[in-house]
Amino acid sequence: MDSHDSQVVSPEDISMQQRGGQEESVEESISDIRQKLSRIEANQMELSKALAKKKGFSLTFEEEENPERGNWSGKFDFFLSCLGYAVGLGNVWRFPYLCYKNGGGAFFIPYCIFLFFCGMPIFCLELSLGQFCSSGPLSCWEFAPLFRGVGVGMVIVSGLVGIYYNIIIAWSFWYLFTSFTSKLPWSECGSWSTELCRERLTPVNSTCNNDLNLRIDNGTGINGTCWLDTNGTRTLYGIYDAEAATAAGYSARPASNEYLNYVGLQDRLGSIGNMGPLRWDMSLCLLLGWIVVFASLSKGIKSSGKVVYFTAIFPYVVLIILLIRGLTLPGYEKGIDFYLKPDLSRLQDSTVWKDAAVQIFFSLSASWGGLITLASYNRFKTDTVRDAMLVSICNCATSVFAGFVVFSFLGYLATLLNTEVTNVVDSGVALAFIVYPQAVTSLPVSPLWAILFFVMLITLGLDSQFTLIETVVTAVQDKWPRTRRYKTLLILGISVVFFFIGLSMCTPGGPQLLTIFDDYSGGWNIMVIAILECVSICYVYGVKRFCDDIEAMTGPIVAGCIPWFIFKWWWIICWCAFTPGLVAVTMVFSWVKFSPSSYGGNVLPDWAQVIGWLLTFSVLASIVVVSGIAVWQSRGNLRALVQPTRYWGPALVKFRQEVADAGYAPGFVVDPWTEDNIEDPSNPHHKYDEDKGYQNSQFEHDEATKM
């Protein structure tokens, strides 16, 4: 063959060169169109600012990266939404109650350990995951499809908590409306109270004041009480030995406690085995709570992002006022001393460690899916590491601060009732609806302060409730994108269904049912979810690649001054070892020393515990079932289930191009939607192929190409 023959070009080569030139021409045209669109958008923004300036006011806004899905209006909207979601009712009554129950200051030790080694790492992981892929908890698992069931479990947890959380908000509304009076009804013992109500008891000594009509016992022995004998009928007259009387079951109770039991919640008039009649007044308050949630979420994150400016800040104002007042009451030092003085012997009880772990997850709302949801509306270049650390610390500082408020009033009530701090209340709910209401009665113009306090409770609850419901809504919309056009109807439907389920708790036996939901909906199951999150990121997807994902969003410096290449090792150690290890050990110990759910010091019946276990297993079963379906649908191609799909990555093509240019990962597809010829390829989040669904992994695509 001579040199002339070697230069002969076949028709096939010419055709391939022509196709290559056409493809390059199309790519250049697409790139040129995108650049022109960007310039047009920039010109529109500058024109808007110029017109605003001409009218005499300033206009500052951030361009929406993802118009179809939506973004936060600003970084502060996201920060306050995260803070409001994390800082909820649990900070005001659950954390102080756990301190009250688990040795006061000793509880700080396991609490801080779980904060830094479990809570904060999971918080950072979920914010980073949601922001990187701009997806909710149901569709963010494109990096490892085998774990999609974890997302389903998260959504179920958020739904279960959302059902009973609005009940507590309804209680707050009920008390708020009751506070619109010249004199608070629980400020003194009324006709609804029992003989144990404090104002009904008369001060006596060990001789019953030498009154001939008084008896030192009620026929069962001397127990620190005096009884009035009227024609052979004895009624409690006074208590002179609080410790002995408490041991015999005769504890003086503040009027707010009696009001809660017999008027407010009416929990002494029913039980989980005898629910009692449906209360129309509490049902209307529950309806109002769902109306507020629906109205706030109906316009998406744009509306809820503005509501939190009030709901996230207002509670701090009220807490500061209450603390100042609490520190001026007699006996406050008794409560503060109990709060700060640790009972280190309690650390030997595994229940204390389990409570600390659950409280961290409950307080930070980690592993519920809400953090992934909130971060999914972020702009891609947001510093998630900074936000995770700041929100976590602010949240836990709020819990500690609320503890000072609570225990200052607990000390006052203990002094008022002539008893020990440990005998004042017997449940976490009591702190919110007994201690605080009793506290405001000591303030001048007490109805005004009661109104402010219950508005604070409502705002605390609504912040968290917004995100719980938004998590469910976002999960549905990401799974079925066509539902986005019907978002208002979707929120309405979810609100109606949850409202009718919640009606069962608007009865005298409702508080006990709520206790079952509270104890079993977000306990062990969220620990399992947290472990699976760490395993999927660290040992399936790859923790190094995940750290690269974070750096692509935050840049080389995080939190303003910390080099990521150094700081990332702390997170890697936590995600790979400390976090899953501590959670697993705590979970095992809590199984060994399991104690059934109780209310008011009484263990609830076995069949009620079974209902609770069904709630727990509904979450765990969803994880197993969905993963099992994925394995079955893979038809033996298990490798595809532990590899990122071709749709994994940032939602917008321009950011996918950035990470690809940085040498992101072999086989990474920059624009999978255009390549698949999916309708409306300009849609930055159209990840659902009507024919293929979500099951085309990069591996499957390559194998199909070879065939």
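Only this structure's heavy atoms are used, side chains among them; waters, hydrogens and symmetry mates stay out.
Ring geometry for W227 versus Y250: interplanar angle over 60°, hence perpendicular rather than tilted (30 to 60°). By the 30° and 60° cut-offs, the orientation of the rings of F108 relative to Y339 is perpendicular. Below 30°, between 30° and 60°, or above 60°: for W171 and F433 the angle between ring planes is above 60°, a perpendicular geometry.
Proximity of a side-chain donor or acceptor of Q465 to a complementary backbone N or O of G162 within less than 3.5 Å is detected. The main-chain N or O of V405 is found under 3.5 Å from a side-chain atom of S408 such that the two form a donor-acceptor pair. Remark: side-chain polar atoms of T233 are not paired, donor with acceptor, to backbone N or O of D229 under 3.5 angstrom. Between the side chain of D241 and the main chain of A244, a donor-acceptor pair closer than 3.5 Å is present. Although no hydrogens or angles enter the test, the distance criterion places no donor-acceptor pair under 3.5 Å between the side chain of S521 and the main chain of D518. Between the S256 side chain and the I434 main chain, a donor and an acceptor come within less than 3.5 Å of each other. Formation of a donor-acceptor pair under 3.5 Å by the S464 side chain with backbone atoms of Y85 is found in this model. Of the possible donor and acceptor atoms, one in the side chain of R215 sits under 3.5 Å from a partner among the backbone N and O of L212. Between the side chain of N102 and the backbone N or O of A356 there is no donor-acceptor pair closer than 3.5 Å. Looking only at distances, a side-chain donor or acceptor of S271 sits under 3.5 Å from a matching main-chain atom of N274.
Across all non-hydrogen atoms, the minimal contact from Y520 to P596 is OH-CA, 4.4 Å. Here the closest non-hydrogen pair linking L160 and F517 is O-CD2, 4.0 Å. The heavy-atom pair separating A608 from I516 by the smallest distance is O-CD1, 3.5 Å. Contact detail for P342 and G105: the closest heavy-atom pair is CB-C, 3.8 Å. Taking both residues in full, the closest heavy atoms of A252 and I239 are given as N-CD1, 4.1 Å, listed atom of the first, atom of the second, then distance. Between A248 and N223, the closest heavy-atom pair is CB-CB, 3.7 Å.
Taking CZ of R94 as the reference point, atom CG of D355 lies at 8.0 Å (rounded to 0.5 Å). Expressed to the nearest 0.5 Å, how far OG1 of T459 lies from CG of L457 amounts to 7.5 Å. With values rounded to the nearest 0.5 angstrom, D267 atom CG is found 7.5 Å from Q512 atom CD. Taking CD1 of I291 as the reference point, atom CG of L287 lies at 4.0 Å (rounded to 0.5 Å). Of the inter-residue distances, the one linking L513 atom CG with L604 atom CG reads 9.5 Å to the nearest 0.5 angstrom. In this structure, the separation between CD1 on I501 and CG on L286 is 11.0 Å, given to the nearest 0.5 Å.
In this structure, W280 places its CH2 atom where only 12 or fewer heavy-atom neighbours from other residues, nucleotides or ligands lie under 6.0 Å away. Within 6.0 Å of CZ on F589 lie no more than 12 heavy atoms contributed by other residues, nucleotides or ligands. At most 12 heavy atoms of other shown residues, nucleotides or ligands fall within 6.0 angstrom of atom CD in E243. In the displayed structure, L344 atom CG is contacted under 6.0 Å by more than 12 heavy atoms of other residues, nucleotides or ligands.
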Is there a side-chain hydrogen bond (donor to acceptor under 3.5 Å, both in side chains) between Y259 and S193 once you walk through the steps?
CA-CA 7 Å; Y259 189 81; S193 61; over 6 Å; no
Chi angles and distances behind the side-chain hydrogen bond (donor to acceptor under 3.5 Å, both in side chains) call for R198, N257
CA-CA 10 Å; R198 188 187 68 85; N257 196 338; over 6 Å; no
C197 vs C189, test: disulfide (SG to SG under 2.5 Å). Steps then yes/no.
CA-CA 6 Å; C197 195; C189 299; 1.7 Å; yes
Using side chain to side chain contact (heavy atoms under 4.5 Å, CB included), reason through F499 and W290 one step at a time and then give a plain yes or no.
CA-CA 7 Å; F499 165 72; W290 281 112; 3.6 Å; yes
Step-by-step salt bridge (Lys or Arg N to Asp or Glu O under 4.0 Å) determination, R346 to D343
CA-CA 6 Å; R346 297 284 291 129; D343 180 5; 5.1 Å; no
Taking it one step at a time, do R200 and E195 satisfy salt bridge (Lys or Arg N to Asp or Glu O under 4.0 Å)?
CA-CA 6 Å; R200 287 195 169 196; E195 58 186 10; over 6 Å; no
Please determine whether side chain to side chain contact (heavy atoms under 4.5 Å, CB included) holds for the pair F401 and L319, giving the CA-CA distance in whole Å, both sets of side-chain angles, and the decisive distance to 0.1 Å.
CA-CA 8 Å; F401 179 71; L319 284 175; 3.5 Å; yes
Given M282 and I167, is the side chain to side chain contact (heavy atoms under 4.5 Å, CB included) satisfied, shown in steps?
CA-CA 9 Å; M282 193 63 73; I167 299 296; over 6 Å; no
Would F453 and W449 satisfy ring pair (Phe, Tyr, Trp, His ring centres under 6.0 Å), going step by step from the backbone distance to the final call?
CA-CA 6 Å; F453 169 73; W449 295 111; over 10 Å; no
The test is side-chain hydrogen bond (donor to acceptor under 3.5 Å, both in side chains); show your working for S446 and T441 and say whether it passes.
CA-CA 5 Å; S446 56; T441 61; over 6 Å; no
Derivation and outcome, side chain to side chain contact (heavy atoms under 4.5 Å, CB included), residues L89 and Y165
CA-CA 9 Å; L89 294 170; Y165 212 76; 3.6 Å; yes
Test log, rule side-chain hydrogen bond (donor to acceptor under 3.5 Å, both in side chains), inputs T194 and E258:
CA-CA 7 Å; T194 68; E258 295 274 291; 2.7 Å; yes
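In summary, the side chains of T207 and N205 do present a donor paired with an acceptor at a separation below 3.5 Å, with no hydrogens or angles considered. Using a 3.5 Å distance cut-off with no hydrogens or angles, the side chains of Y237 and N213 do not pair a donor with an acceptor. If you check the side chains of T398 and Y316, you find a donor sitting under 3.5 Å from an acceptor. At a cut-off of 3.5 Å, with distance as the only test, a side-chain donor of S363 or N395 sits close to an acceptor on the other residue. Looking at S597 and T515, their side chains never bring a donor and an acceptor atom within 3.5 Å of each other.
Taking the six-membered ring for Trp and the full ring otherwise, the centers of W524 and F361 sit at least 6.0 Å from each other. For W186 and Y175, the ring centers sit closer than 6.0 Å to each other. For Y111 and W353, the ring centers sit 6.0 Å or farther from each other. Under the 6.0 Å cut-off for aromatic ring centres, Y436 and F409 do not qualify, their centroids lying 6.0 Å or more apart.
Here E420 does not pair with K334 in a salt bridge; the nearest charged N to carboxylate O distance is not below 4.0 Å.
Residues S283 and L503 meet the side-chain proximity criterion, which asks for heavy atoms closer than 4.5 Å.
Between C226 and C208, the gamma sulfurs sit within a distance below 2.5 angstrom.
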